[in-house]
J.: 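Attaching a single structure in structure tokens format; questions to follow.
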Protein chains: 2
Amino acid sequence: MHTMEEIVGRMSARGLRVTDQRKTLAKLFAETPGYLSPKDVYEYMGKTYSGLSFDTVYRNLRVMEELGVLEQVVFEEGVKFKLHCREEHHHHHMICLQCGHTYPITFCPMEQTAVPSDFRVVKHKFEVFGYCKSCEQEEAAASEA
Amino acid sequence: MHTMEEIVGRMSARGLRVTDQRKTLAKLFAETPGYLSPKDVYEYMGKTYSGLSFDTVYRNLRVMEELGVLEQVVFEEGVKFKLHCREEHHHHHMICLQCGHTYPITFCPMEQTAVPSDFRVVKHKFEVFGYCKSCEQEEAAASEA
DNA sequence: GTGAATGCAAACAATTTGCACGTGT
DNA sequence: ACACGTGCAAATTGTTTGCATTCAC
């Protein structure tokens, strides 16, 4: 797994400066199993840094993405970020709609997909959405109220 | 296939008014095999309607989506619209990155995907991107220049 | 000390809304 | 005639940029 130290180390190796804010950002992603929106990040960071501005959050998200530490994904609800997957081999994800937690899917549908010879495939996207066990239980509890 | 007349008919059946602009919009989508962004639509419509405003385009796209005539998809580059697929059975798409043309994929990867019993699947997304034959040829021709 | 990081304000882009006017039914 | 559709302007939201100040190295 990526640890906060590892991420920070990678930043300084590239000549980037290790500020408190970046350390906190690294820690946040190191400890978050799923996706975070810029707004999520802003709100979390805002607790610690009162004068925080949104543009710095965006800048640092972009920096960390260019560093290869984070990856960005576009959902219906907007852009989100998560730690870049460590797994070397190609894989896909199951994503919890409630908590954003992701689980790997090793199966890749491209292997099974018949592609006409006159279509040159460049990339593909396979994502499964649903609710993980704990979120499912919470939802059930909430709907009983 | 959806024809312009059919779409327009569906609109008036719901009490919506059939304006020139909506007819043109219906025709545009009836004749377009792939995805169009709101901007694409605005530019196309603008040729005919000089005083056209963006908000009307958005409004009509939404109206046609609610009617079930169009479907909206979110890509990295932004939101796009296409005619709602007629095929009853669930399917996926191969999408040309150049012209936006879509081709159906009947295979659904969910059948093959092992889902843990404690994850409740709600929806999934499977999309293949690449270049169709004619766009591939154009690209090859362009890169020779 | 120097250059990169930050905050602030302002610019931008995409999309939505309120309102007065025009038009399909 | 009446209600819905349209254009215009303005509001919103999400994101980026320029610039002066501050801080890590």
J.: Show the nearest heavy-atom pair for residues A/V57 and A/Y42, with the distance to one decimal.
T.: CG2-CD1, 4.0 Å
J.: Give me the bend of the helix from C/dG1-D/dC25 to C/dT25-D/dA1, using the axes of the five pairs at each end, rounded to 10°.
T.: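 Answer rounded to 10°: the end axes differ by 30°.
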J.: Any pair with a residue in residues 105-118 of chain A that passes side-chain hydrogen bond (donor to acceptor under 3.5 Å, both in side chains), sequence neighbours left out, goes on the list, sorted by first then second residue, please.
T.: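 Counting only pairs at least two positions apart or across chains, no side-chain hydrogen bond (donor to acceptor under 3.5 Å, both in side chains) contact touches residues 105-118 of chain A.
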J.: Above 12 or not: heavy atoms from other molecules or residues under 6.0 Å from NZ of B/K125?
T.: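 Counting other residues, nucleotides and ligands, NZ of B/K125 exceeds 12 neighbours.
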J.: Which of residues 55-63 of chain A sit near DNA chain C, with a heavy atom under 4.0 Å from it?
T.: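 A/D55, A/T56, A/R59, A/N60, in order of number.
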J.: Give me the first and last nucleotide of DNA chain C, going 5' to 3', that has any atom under 4.0 Å from a heavy atom of chain B.
T.: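 The contact span of chain B on DNA chain C goes from C/dA14 to C/dT25.
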J.: Provide the closest heavy-atom pair for A/P38 versus A/F81 in the form atom of the first, atom of the second, distance.
T.: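 A/P38 and A/F81 have their closest heavy atoms at CG-CE1, 4.1 Å.
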J.: Quick one: list whatever passes side-chain hydrogen bond (donor to acceptor under 3.5 Å, both in side chains) with B/Y49, sequence neighbours left out.
T.: B/T24
J.: Pairs of donor and acceptor atoms involving the side chains of residues 64-73 of chain A, under 3.5 Å and at least two apart or interchain, shall be tabulated with distances.
T.:
from  : atom 1 : to    : atom 2 : distance (Å)
A/E71 : OE1    : A/C85 : N      : 3.1

J.: By side chain to side chain contact (heavy atoms under 4.5 Å, CB included), which residues pair with B/L97, not counting sequence neighbours?
T.: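 In terms of side chain to side chain contact (heavy atoms under 4.5 Å, CB included), with neighbours along the sequence ignored, B/L97 is linked to A/V122, B/F129, B/Y131.
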J.: Tell me every residue that passes side-chain hydrogen bond (donor to acceptor under 3.5 Å, both in side chains) with A/R17, counting only those two or more places apart in sequence or in another chain.
T.: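 Partners of A/R17 under the side-chain hydrogen bond (donor to acceptor under 3.5 Å, both in side chains) test: none.
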J.: For DNA chain D, which residues in residues 15-28 of chain A have a heavy atom at a distance below 4.0 Å?
T.: A/R17, A/V18
J.: To the nearest 0.5 Å, what is the distance between OG1 on A/T3 and CD on A/E31?
T.: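 Answer for the OG1-CD pair, A/T3 versus A/E31, is 10.5 Å.
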J.: Below 4.5 Å, heavy atoms only, C-beta onward: do B/K23 and B/D20 meet side chain to side chain?
T.: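 B/K23 vs B/D20: side chains touch.
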J.: Taking the side chain as every heavy atom from C-beta outward, state whether B/M45 and B/L25 have any pair of such atoms under 4.5 Å apart.
T.: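 Yes. Closest side-chain heavy atoms under 4.5 Å.
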J.: Give me the first and last nucleotide of DNA chain D, going 5' to 3', that has any atom under 4.0 Å from a heavy atom of chain A.
T.: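 Both ends considered, the range comes out as D/dG14 to D/dC25.
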J.: Listed by chain and number, what are the side-chain hydrogen bond (donor to acceptor under 3.5 Å, both in side chains) partners of A/T56, not counting sequence neighbours?
T.: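 Testing A/T56 for side-chain hydrogen bond (donor to acceptor under 3.5 Å, both in side chains), a comparison that skips the adjacent residues, returns A/S53.
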J.: Is any side-chain heavy atom of A/V128 closer than 4.5 Å to one of A/I105?
T.: yes
J.: Looking at B/H91 and B/H89, would you say the former's side chain and the latter's main chain have a donor-acceptor pair under 3.5 Å?
T.: yes
J.: With nearest nucleotides of DNA chain D determined for A/V79 and B/L52 from heavy-atom distances, which residue corresponds to the more 5′ nucleotide?
T.: B/L52
J.: With sequence neighbours excluded, what pairs up with B/H124 under the side-chain hydrogen bond (donor to acceptor under 3.5 Å, both in side chains) test?
T.: B/H90, B/H92
